[in-house]
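Each chain gets a letter, A, B and so on, in the order the sequences are listed, and its residues count up from 1. All values below come from the heavy atoms of this structure, side chains included, with hydrogens, waters and symmetry mates left out.
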Number of protein chains: 2
Amino acid sequence: MRILLIEDERELAEALSAALGKHGIVADHTMHLADAVELTRQNIYDAILLDRRLPDGEGLSFIPELRRTGKDTPIIVLTAHNEPKERIEGLDLGADDYLGKPFLIEELMARLRAVLRRSPELTELKITAGRMVIDPLHLSVTVDAVPLDLPRRELLVLAALARRREKTVLRSTLEAAVYNYEEEIQSNALDAHISRLRKRLIDAGAGVAIHNIRGVGYLMKEE
Amino acid sequence: MRILLIEDERELAEALSAALGKHGIVADHTMHLADAVELTRQNIYDAILLDRRLPDGEGLSFIPELRRTGKDTPIIVLTAHNEPKERIEGLDLGADDYLGKPFLIEELMARLRAVLRRSPELTELKITAGRMVIDPLHLSVTVDAVPLDLPRRELLVLAALARRREKTVLRSTLEAAVYNYEEEIQSNALDAHISRLRKRLIDAGAGVAIHNIRGVGYLMKEE
DNA sequence: AGCTCCGCAATGCTGCCGCAACCCTTGTGG
DNA sequence: CCACAAGGGTTGCGGCAGCATTGCGGAGCT
């Protein structure tokens, strides 16, 4: 069994490689995303262990990149980014499991076994909708190349809708995109954001409309 | 989609059922392991959510019991026992994932999706019928790539029929797809859904027709 | 201080959906 | 070939849950 380990903390990587070795698993190790892409092109791995914060970018961006090449290798994300919201993000990007640091080697092994019992699927990442271009990493929006500045929460709602434009986005998904665990919500705050966002999108001539799907969620359509 | 929820905290169970319902998932709920065994014998579930501490024993013991009957239904363990050692124990017993309480509903949904992605026999990621593509996990339907928004219940009926297109679906199967056994029904509500659904499918040019098999159920055919 | 953001709640509105009434279709027996 | 029953189809109605909108006030920022 061979896996790919993408991790930039040398000490952890070495410990992991050693521990995996004792379980009869050969690990290729790289610290850079660019190398990882190349390695997956040349090799077939049974699984991939992926750190999020890497010297040359966000580890999660590797997932759609890999899926686009048609590979459905199971991926377990290993990271200190362990807020529920981040875990959801990772899983919905197509990761098969998500493990917060620090963790016990034995737990990683157990999750690896669980994941290897089956096999996964594909996803993508990138956002243009109507006349808008959204950069979800830098949290910016432009309409016909003109910057549009939105309140933070509205922007998060917008990005979540645009990411799945022409498809319904569950209400709960939107709530998860905007609020974390501690921020409980007791009112129709989300509805209020949608309402205000709609007005702004019309004013800016964004070329999209937000429709409601009763009992399910919302849907962004281009006009 | 139908899942089995084995959980003895009434309040949590109700909140979960409601949340799952909004995601188009019908949940049967029981508080006892003994009932759970019986229910899995009589029903086919797409996944099982399992609490550990239950009135009549340790929830984990249910896993080998279920596997012994040849079922490999995905199981997610929900529990306050969230020490690494306990998680390892659960995973190695054959659970597919392990989630500590308290958790965000949305994280559970994400993990559910991740787990279901790996079991192609039970749940196709996309269902194609006529000109339609149905994504039962995200509750969306498109006709020739144009989104079609349907009321939640009609969507569930449609998905159940499309999943077994060209084959007869028992009336009781359809009822099970839309209602759990707490939601009693006293009228021809299902017929009404079928009727309205037919109209919408014609309007949208979906390229399928729903036929009745008298005294048995319904059948979706491509045109 | 003056601004925006944003949660909250009041208000009015929309449309889902269970229900039941009525009609149509199919099957059976004489 | 008709009568009748039973199941299915269709439709309007009403209750009510969910949604849209908006003013208010607290919080945070400059």
**Student:** Below the 4.0 Å mark, does D:dG7 have OP1 or OP2 next to a side-chain nitrogen or oxygen of B:R171?
**Tutor:**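 No, no such contact exists.
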
**Student:** Closer than 4.0 Å, any side-chain N/O of B:K199 to the OP1 or OP2 of D:dT11?
**Tutor:**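 So the side chain of B:K199 is within the cut-off, an N or O lying under 4.0 Å from OP1 or OP2 of D:dT11.
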
**Student:** Counting just side-chain N and O atoms, does A:H193 come under 4.0 Å of either OP1 or OP2 of C:dC5?
**Tutor:**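 No.
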
**Student:** Around atom CZ of A:R131, are there more than 12 heavy atoms from other residues, nucleotides or ligands closer than 6.0 Å?
**Tutor:**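 Counting other residues, nucleotides and ligands, CZ of A:R131 stays at 12 neighbours or fewer.
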
**Student:** Kindly write out the residues that satisfy side chain to side chain contact (heavy atoms under 4.5 Å, CB included) with A:R196, not counting sequence neighbours, or none if the list is empty.
**Tutor:**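 Side chain to side chain contact (heavy atoms under 4.5 Å, CB included) list for A:R196, sorted by chain: A:E154, A:A192.
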
**Student:** Roughly what angle, to 10°, lies between the helix axis at the start of the helix from C:dA1-D:dT30 to C:dG30-D:dC1 and the one at its end, five pairs per end?
**Tutor:**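 Comparing the first five pairs with the last five, the axes sit 30° apart.
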
**Student:** Quick one: is B:R198 getting a side-chain N or O under 4.0 Å of the D:dT10 phosphate, OP1 or OP2?
**Tutor:**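 Looking at the OP1 and OP2 atoms of D:dT10, one of them is under 4.0 Å from a side-chain N or O of B:R198.
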
**Student:** Picking from C:dC19, C:dC5, D:dC19, which would you name as closest to the side chain of A:P151?
**Tutor:**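 So the nucleotide nearest the side chain must be C:dC5.
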
**Student:** Judged by modelled atom types alone, do B:R52 and B:Y98 share a side-chain donor-acceptor pair under 3.5 Å?
**Tutor:**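 Yes, B:Y98 and B:R52 have a side-chain donor paired with an acceptor closer than 3.5 Å.
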
**Student:** Can you list, by residue number, the residues of residues 215-223 of chain A that have a non-hydrogen atom closer than 4.0 angstrom to DNA chain D?
**Tutor:**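 Heavy-atom cutoff 4.0 Å gives A:G215, A:Y218.
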
**Student:** Would you indicate whether A:D203, at its atom CG, is surrounded by more than 12 heavy atoms from other residues, nucleotides or ligands within a distance under 6.0 Å?
**Tutor:**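 Count over threshold, so yes.
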
**Student:** Shorter than 3.5 Å, N or O on both sides, protein versus nucleotides 12-16 of chain D: list them out with atom names.
**Tutor:**
unit_1, atom_1, unit_2, atom_2, d
D:dG12, O6, B:R196, NH2, 2.9

**Student:** Choose from D:dT10, C:dC5, D:dC19 the nucleotide whose nearest atom is closest to any side-chain atom of B:S195.
**Tutor:**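 The listed nucleotide nearest to B:S195's side chain is D:dT10.
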
**Student:** Would you name the heavy atoms of B:A177 and B:R2 that are closest together and state the gap between them?
**Tutor:**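 Closest heavy-atom pair between B:A177 and B:R2: N-NH1, 4.1 Å.
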
**Student:** Write out all pairs satisfying side-chain hydrogen bond (donor to acceptor under 3.5 Å, both in side chains) with one or both partners inside residues 205-223 of chain A, taking only residues at least two apart or from two chains.
**Tutor:**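 Matches after skipping sequence neighbours: A:R165-A:E222.
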
**Student:** Output a table of nitrogen or oxygen pairs between the protein and nucleotides 21-29 of chain C separated by less than 3.5 Å.
**Tutor:**
unit_1, atom_1, unit_2, atom_2, d
C:dA21, N6, B:N188, ND2, 3.4
C:dT25, O2, B:R214, NH2, 3.1

